[in-house]
Protein chains: 2
Amino acid sequence: MSTIKDIARETGLSLATISKYLNGGHVLDQNRERIEAAITKLDYKVNYFARGLKTNRSMTVGVLLPTISSPFFGRVVAAMDGRLRQCGYHSIVCSYDFDPQLEQEQLRLLVNINVDAIVFVPQQIDAATLTSIVQNVPVVLVDRAIPDYRCDAVVADSLNAIYSAMEALFRKQHSRIGLIVGPQDISTARERLIGYRRVHEDYHIPVDEELIQVGNYDLESGYRLFNALMDLEQPPSAVCVTNYDMTVGAITAAHERGIALPEQVDFIGFDNIDLCQVVTPPLPFVEQPMDEMGREAARIVLQRLDGGKEPPQLLRLKSKLSHV
Amino acid sequence: MSTIKDIARETGLSLATISKYLNGGHVLDQNRERIEAAITKLDYKVNYFARGLKTNRSMTVGVLLPTISSPFFGRVVAAMDGRLRQCGYHSIVCSYDFDPQLEQEQLRLLVNINVDAIVFVPQQIDAATLTSIVQNVPVVLVDRAIPDYRCDAVVADSLNAIYSAMEALFRKQHSRIGLIVGPQDISTARERLIGYRRVHEDYHIPVDEELIQVGNYDLESGYRLFNALMDLEQPPSAVCVTNYDMTVGAITAAHERGIALPEQVDFIGFDNIDLCQVVTPPLPFVEQPMDEMGREAARIVLQRLDGGKEPPQLLRLKSKLSHV
DNA sequence: TACAATAAGCTAAACGTTTCGTTCTAATCT
DNA sequence: AGATTAGAACGAAACGTTTAGCTTATTGTA
């Protein structure tokens with residue numbers, strides 16, 4: 001591997017000049033050409049470690065997800081990465097596969113490899129542990145908040161999303177609406193349930209607790225809980241499902257029982273654009289603003305990396321209901 | 001941030017001794033205690049850049065995927081990461097979102113940040129470009145090979161997987177079997193089609209080209225192509241789908257048409273364990289050895305990182321048919 | 001013409017580790 | 001007791017950059 005010294009020798013210039021060139025500084029045209037020639041000739045690449053050692057920057061943003069196999073997070077990360085890339089940053093992703101132990105370990109890893117900032121979808125970690133691990137690395141939470149932890153966060157407004165979805169169903173004269181919701185230790189899943197209760201209150205419609213089914217956000221629970229709803233003595237006339245995988249499970253269950261969606265049982269899915277659009281007729285679904293979440297996360301990261309000292313902001317982005 | 005020098009000062013020992021301790025060397029018990037005390041007191045962390053600069057190692061393996069939202073790759077990566085972690089390595093993931101431009105860029109990124117090895121699921125890149133980018137960083141291909149590129153690779157034996165699946169259907173007296181296969185620029189998708197043709201040859205059953213439907217590996221194409229098959233003048237009596245998302249699409253399409261799987265149309269899915277197991281009755285599916293692929297990829301990576309100079313190995317792992 | 005201001009390049013120190021070769025200490029052997 | 005040796009710690013150089021401070025050359029201005 002050739003170094004900056006080799007380039008200096010080859011061109012007859014000093015280290016400082018080469019370095020200046022590499023970092024976008026101005027050098028004489030004639031020297032610039034010589035440097036560029038030498039770089040290609042010697043196949044020079046700047047040494048990431050040496051540069052990082054001097055500058056204390058890696059130009060890298062670490063992303064930590066509960067799982068790497070989620071279309072939802074995948075889309076958010078893609079949007080974020082695109083934006084960061086424009087500004088010379090790169091993102092690298094880790095996941096903890098829903099393991100609370102690994103959640104902390106991976107966070108430590110990211111800090112250890114000196115990412116300049118962390119974008120994090122938390123699950124179990126508490127405020128104190130997180131603080132002690134990340135020290136002064138900027139953290140932006142995505143999709144979920146952590147109780148009692150003040151920091152930048154970009155989430156979708158789950159409460160209002162469910163609220164509007166339910167309103168749409170109320171307007172169609174449904175009053176028994178099943179809800180398949182996520183684990184209640186996840187902030188946004190809690191909010192979705194709150195939205196469900198609140199809209200009932202506001203419309204003076206009593207909540208039947210049987211209609212609230214709490215799942216694990218996976219396909220199987222969507223399937224199982226849809227069936228559970230239909231097996232009630234008084235099944236709901238409409239069902240609302242609150243994430244991607246559970247939507248697949250619920251639709252499958254409905255199909256299998258020969259229930260026509262939305263004619264026989266009205267239906268609102270979540271996030272699963274592909275499936276909801278592909279079925280006939282297309283089903284309405286709540287679409288969280290994945291791209292916007294990614295872009296906003298990137299914006300906040302860049303702002304922090306730029307030394308921004310504003311107080312932490314909690315960004316609550318609007319979801320939209322595809323159609324009704 | 002405190003450095004090794006601060007620890008030296010605090011303990012009265014030399015830099016060399018602290019470094020020795022940090023790297024697992026033997027120091028007097030009494031000194032060990034002093035060092036450990038100082039480390040916690042000063043909250044010392046070794047500087048990743050400085051260490052990397054000296055050692056030329058990052059203890060990090062880069063993973064590059066076509067997309068970050070795939071349950072299949074997610075599982076492979078999880079298995080791999082687990083194994084690498086045991087040996088002190090960590091994996092970081094990037095994706096190129098099916099963009100050939102980004103595929104190269106991300107590869108360069110991984111090389112630039114000095115990952116010790118790269119695990120790569122390629123799509124468009126050609127042998128020459130890849131070689132020129134990765135130089136002497138060990139590369140292990142996963143799930144797919146690259147034409148004319150000799151290097152370590154771990155793939156599932158797609159040809160035989162389809163072969164056995166088809167055999168099972170032949171044995172049940174099906175002779176018109178629809179195939180929904182992936183893009184033919186992906187090596188393993190090609191192999192799946194070859195397997196389909198070969199088993200027909202071997203069983204002396206003519207191939208009706210209409211029954212071969214080429215999709216994009218996404219949900220929509222599974223849905224659309226299943227419908228296309230059913231809309232044929234002579235629809236197949238069985239259908240075989242060859243990846244996760246297309247399996248969802250195909251099952252949905254069948255359900256919608258009121259086709260009972262597998263009674264009315266026999267069916268074999270692919271990879272989608274969740275969905276195929278959840279439907280009633282459970283559907284057979286080809287299960288690629290995701291965990292094994294991950295573990296084997298890790299094993300080869302570790303072997304290379306250990307200086308192994310064996311010729312490149314192409315590992316072809318057996319898939320299994322869940323049941324028939 | 002003299003002098004300030006600007007531009008370009010240079011020298012050298014620093015970033016925080018690891019490691020080679022050496023010295024010191026104490027234990028073991030004859 | 002003296003020679004040998006192993007173990008532990010040490011000193012100093014090196015890894016490949018960036019950058020502050022300085023020198024020199026060039027341009028513009030009074």
Side-chain angles (χ1 to χ4, degrees), chain A residues 1-39 41-60 88 111-116 135-137 305, chain B residues 1-39 41-60 88 111-116 135-137 305:
Chain A
M1 275 280 96
S2 58
T3 79
I4 215 175
K5 281 183 196 161
D6 300 316
I7 305 294
R9 191 174 321 118
E10 179 81 15
T11 56
L13 296 166
S14 76
L15 294 188
T17 306
I18 314 295
S19 175
K20 189 178 176 189
Y21 165 83
L22 290 173
N23 292 286
H26 210 310
V27 300
L28 289 185
D29 276 4
Q30 153 206 3
N31 290 334
R32 186 173 46 67
E33 282 162 22
R34 300 239 299 282
I35 295 176
E36 284 167 358
I39 286 180
K41 176 175 170 197
L42 303 181
D43 190 29
Y44 167 78
K45 306 233 165 47
V46 336
N47 182 308
Y48 176 78
F49 292 131
R51 174 177 278 180
L53 178 58
K54 273 306 280 189
T55 61
N56 262 317
R57 292 200 132 199
S58 60
M59 301 306 285
T60 293
V111 173
N112 281 345
I113 65 176
N114 277 280
V115 295
D116 292 336
Q135 317 243 32
N136 42 20
V137 181
L305 289 175
Chain B
M1 276 277 97
S2 58
T3 79
I4 215 175
K5 281 182 197 163
D6 300 314
I7 306 294
R9 191 174 321 118
E10 178 80 16
T11 57
L13 296 166
S14 76
L15 295 188
T17 305
I18 314 295
S19 175
K20 188 179 176 189
Y21 165 85
L22 290 174
N23 292 285
H26 210 309
V27 300
L28 290 185
D29 276 4
Q30 155 206 3
N31 290 334
R32 185 172 47 69
E33 283 161 22
R34 299 241 296 284
I35 295 176
E36 284 166 358
I39 286 181
K41 176 175 171 198
L42 303 181
D43 188 30
Y44 167 78
K45 305 229 163 51
V46 335
N47 181 308
Y48 176 76
F49 292 131
R51 174 176 279 180
L53 179 57
K54 275 305 282 187
T55 61
N56 262 316
R57 293 200 132 200
S58 60
M59 302 305 285
T60 292
V111 172
N112 280 346
I113 65 174
N114 277 277
V115 295
D116 292 336
Q135 317 245 31
N136 42 21
V137 181
L305 288 176

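Chain A is the first sequence line, chain B the second, and so forth, proteins listed ahead of strands; every chain is numbered from 1. Remember, it's a predicted structure, so these values are computed and weren't measured experimentally.
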Using atom [atom1] of [X] as one end and atom [atom2] of [N] as the other, report the distance to the nearest whole Å.
{"X": "A:Asn23", "N": "D:dT17", "atom1": "CG", "atom2": "C1'", "value": "9 Å"}
{"X": "A:Ile7", "N": "D:dT18", "atom1": "CD1", "atom2": "C1'", "value": "16 Å"}
{"X": "B:Leu28", "N": "C:dA27", "atom1": "CG", "atom2": "C1'", "value": "14 Å"}
{"X": "A:Ile35", "N": "C:dA8", "atom1": "CD1", "atom2": "C1'", "value": "11 Å"}
{"X": "A:Tyr21", "N": "D:dT19", "atom1": "OH", "atom2": "P", "value": "17 Å"}
{"X": "B:Leu13", "N": "C:dT23", "atom1": "CG", "atom2": "P", "value": "20 Å"}
{"X": "A:Gln30", "N": "C:dA8", "atom1": "CD", "atom2": "P", "value": "12 Å"}
{"X": "A:Lys20", "N": "D:dT17", "atom1": "NZ", "atom2": "C1'", "value": "17 Å"}

Next on the checklist: For B:Lys5, give me all partners under salt bridge (charged side-chain N to carboxylate O under 4.0 Å, His left out), at least two apart in sequence or on another chain.
Outcome noted: none
Item to check | Residues forming a side-chain hydrogen bond (donor to acceptor under 3.5 Å, both in side chains) with A:Asn112, sequence neighbours excluded | outcome: none
Next on the checklist: Holding to side-chain hydrogen bond (donor to acceptor under 3.5 Å, both in side chains), I want the full list of residues that pass it with A:Tyr21, two or more places apart in sequence or in another chain.
Outcome noted: A:Glu36
Checklist entry - What pairs meet the salt bridge (Lys or Arg N to Asp or Glu O under 4.0 Å) rule with one or both residues in residues 18-31 of chain B, with sequence neighbours excluded? => result B:Asp29-B:Arg32
Next on the checklist: Filter on side-chain hydrogen bond (donor to acceptor under 3.5 Å, both in side chains), then keep only pairs touching residues 45-56 of chain B, sequence neighbours left out; what's left?
Outcome noted: B:Asp43-B:Lys45
What are the atom names and distances for every N/O pair under 3.5 Å that joins the protein to nucleotides 11-16 of chain C?
residue	atom	partner	partner atom	Å
C:dA14	N3	A:Lys54	NZ	2.8

Checklist outcome for this item: On a heavy-atom basis, the closest approach of A:Asn114 and A:Ser58 is O-OG, 2.7 Å
Checklist entry - Counting any heavy atom closer than 4.0 Å, what does A:Ser19 reach on the DNA or RNA strands: base, sugar-phosphate only, or nothing? => result base
